[in-house]
Amino acid sequence: EANQEVIYEKAKLAYDNLAAMAEVCSLGMDSVYSAWYFGIYQADGYNPSGIFTKLGSETGLSSSKLETAASNLGYDKYNMDDWQHCVLTVLQVYVDAGIISEMETDLVEINDTLHELNATYSDTKYYPLLVEYYGKVSAYYEFFKSPTGSFSELSGNISSYENDIIIYQN
């Protein structure tokens with residue numbers, strides 16, 4: 001009985017961590033989408049002196065964090081006139097804040113927990129669902145930290161990842 005409770009708690013913690021990661025990916029992708037849009041449709045010709053303030057208002061990230069992130073990438077306000085620089089700068093904010101490395105660590109820990117649970121929990125109906133949920137969140141995380149495709153595909157890709165994940169959040 002006590003062992004089952006420990007197993008349940010580990011599975012619950014893994015589930016909760018996956019749900020938190022999915023939320024970070026969703027919020028992050030909102031910022032990425034906004035940066036991509038801004039970079040395509042607004043950044044070119046925008047006054048460089050206000051570019052980080054404007055990008056911040058579009059993405060929900062602070063202008064100072066964006067400016068620091070851009071600097072860490074070797075960019076300045078004069079490099080922010082295309083979508084790639086805007087997107088990479090937004091992603092660098094998440095790297096600078098330690099969010100990306102924290103998510104990497106969480107994924108490793110969750111994977112370890114799943115391997116541990118496999119020995120005693122794999123015969124229940126919940127274990128395969130937890131493994132599937134891990135796979136979906138892990139895939140969304142990979143897309144979040146390195147989005148691919150075109151801007152016209154971005155919204156559909158985000159929706160696809162989020163629709164895949166929402167199934168497991170009940």
Side-chain angles (χ1 to χ4, degrees), residues 13-114 132-169:
L13 181 60
Y15 175 86
D16 290 345
N17 286 342
L18 287 169
M21 287 184 69
E23 181 65 19
V24 170
C25 288
S26 180
L27 293 171
M29 286 310 299
D30 286 348
S31 294
V32 166
Y33 181 89
S34 296
W36 206 321
Y37 181 90
F38 176 76
I40 290 172
Y41 298 108
Q42 298 174 326
D44 189 32
Y46 200 85
N47 183 346
S49 66
I51 197 87
F52 292 112
T53 301
K54 181 63 175 166
L55 184 58
S57 71
E58 296 295 323
T59 62
L61 301 171
S62 84
S63 60
S64 63
K65 287 181 181 178
L66 288 163
E67 192 163 1
T68 299
S71 176
N72 289 342
L73 292 167
Y75 308 153
D76 63 22
K77 61 187 177 185
Y78 300 103
N79 298 115
M80 300 303 296
D81 60 352
D82 70 67
W83 69 269
Q84 290 170 315
H85 287 124
C86 292
V87 169
L88 291 173
T89 298
V90 164
L91 291 171
Q92 187 65 37
V93 168
Y94 287 89
V95 170
D96 292 349
I99 293 169
I100 299 296
S101 63
E102 184 179 321
M103 291 174 79
E104 287 282 344
T105 301
D106 287 349
L107 279 173
V108 169
E109 290 174 0
I110 293 165
N111 190 44
D112 290 347
T113 298
L114 291 174
E132 289 173 19
Y133 187 36
Y134 170 83
K136 300 296 184 183
V137 172
S138 180
Y140 194 19
Y141 164 73
E142 290 297 326
F143 181 71
F144 162 59
K145 73 176 188 172
S146 185
T148 58
S150 67
F151 181 72
S152 62
E153 298 167 332
L154 186 62
S155 181
N157 288 341
I158 293 169
S159 294
S160 178
Y161 282 110
E162 292 184 359
N163 288 337
D164 285 349
I165 287 169
I166 203 162
I167 296 166
Y168 301 95
Q169 294 182 334

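Keep in mind it's a predicted model, so treat the numbers as computed, not measured.
Listed by chain and number, the residues in a side chain to side chain contact (heavy atoms under 4.5 Å, CB included) with Q84 are D82 (sequence neighbours excluded). In terms of the salt bridge (charged side-chain N to carboxylate O under 4.0 Å, His left out) criterion, E67 has no residue partners (sequence neighbours excluded). Applying the salt bridge (charged side-chain N to carboxylate O under 4.0 Å, His left out) test to E104 and every residue at least two apart in sequence or in another chain returns K145. Residues satisfying the ring-ring contact (aromatic ring centres under 6.0 Å, His included) criterion with Y41, sequence neighbours excluded, are Y37. Contacts of Y134 classified as ring-ring contact (aromatic ring centres under 6.0 Å, His included), with partners at least two apart in sequence or in another chain: none. With sequence neighbours excluded, the residues forming a side chain to side chain contact (heavy atoms under 4.5 Å, CB included) with E153 are S150, N157, listed by chain and number. Checked against side chain to side chain contact (heavy atoms under 4.5 Å, CB included), T68 has the following partners two or more places apart in sequence or in another chain: N72, D96. In this view, Y161 and Y140, F143 satisfy the ring-ring contact (aromatic ring centres under 6.0 Å, His included) rule, not counting sequence neighbours.
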Sequence neighbours left out, cut at 3.5 Å: what donor-acceptor pairs do the side chains of residues 47-61 make with other protein atoms?
from	atom 1	to	atom 2	distance (Å)
N47	OD1	S49	N	3.0
N47	OD1	S49	OG	2.9
N47	ND2	S49	OG	3.3
K54	NZ	E58	OE2	2.8
S57	OG	K54	O	2.8
T59	OG1	L55	O	2.8
T59	OG1	L61	N	3.4

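Contact between C86 and A35 at its shortest, heavy atoms only, is CB-O, 3.5 Å. Residue K65 comes nearest to V93 through the heavy atom pair O-CG2, 3.6 Å, listed as atom of the first residue, atom of the second, then distance. The minimum heavy-atom distance linking S26 with E162 is given by the pair OG-OE2, 2.9 Å. Across P147 and V87, no two heavy atoms sit closer than the pair CG-CG1, 4.3 Å. Across all their heavy atoms, A14 and T113 have their closest contact at CB-CG2, 4.4 Å. The two atoms that bring A19 and Y133 nearest to each other are CA-OH, 3.1 Å, heavy atoms only.
For the atom pair L88 CG and S146 OG, the distance stands at 8.5 Å (nearest 0.5 Å). Rounding to the nearest 0.5 angstrom, the gap separating the CG atom in L154 from the CD1 atom in I40 is 9.0 Å. Atom CD in E142 sits 5.5 Å away from atom OG in S138 (nearest 0.5 Å). Atom OG in S159 sits 10.5 Å away from atom CG in D164 (nearest 0.5 Å). To the nearest 0.5 Å, atom OG1 of residue T89 and atom CG of residue N79 are 8.5 Å apart.
For residues 14-26, the set of pairs meeting the salt bridge (Lys or Arg N to Asp or Glu O under 4.0 Å) definition, not counting sequence neighbours, comprises K12-D16. Sorted by first and then second residue, the ring pair (Phe, Tyr, Trp, His ring centres under 6.0 Å) pairs involving residues 86-113 (not counting sequence neighbours) are Y94-F144. Note on residues 71-91: pairs passing ring pair (Phe, Tyr, Trp, His ring centres under 6.0 Å), not counting sequence neighbours, are W36-W83, Y75-H85.
L13 is listed as a side-chain neighbour of N17, based on a closest heavy-atom distance under 4.5 Å. Residues K136 and I167 are not in side-chain contact: their nearest non-hydrogen atoms beyond the backbone lie 4.5 Å or more apart. Proximity of L107 to N111: side-chain heavy atoms (C-beta onward) are nowhere separated by under 4.5 Å.
Side-chain N or O atoms of S160 include none that pairs as donor or acceptor with a backbone N or O of G156 at under 3.5 Å.
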After noting the C-alpha distance and the side-chain angles of I110 and M21, does the key distance pass the side chain to side chain contact (heavy atoms under 4.5 Å, CB included) rule? CA-CA 11 Å; I110 293 165; M21 287 184 69; 4.3 Å; yes
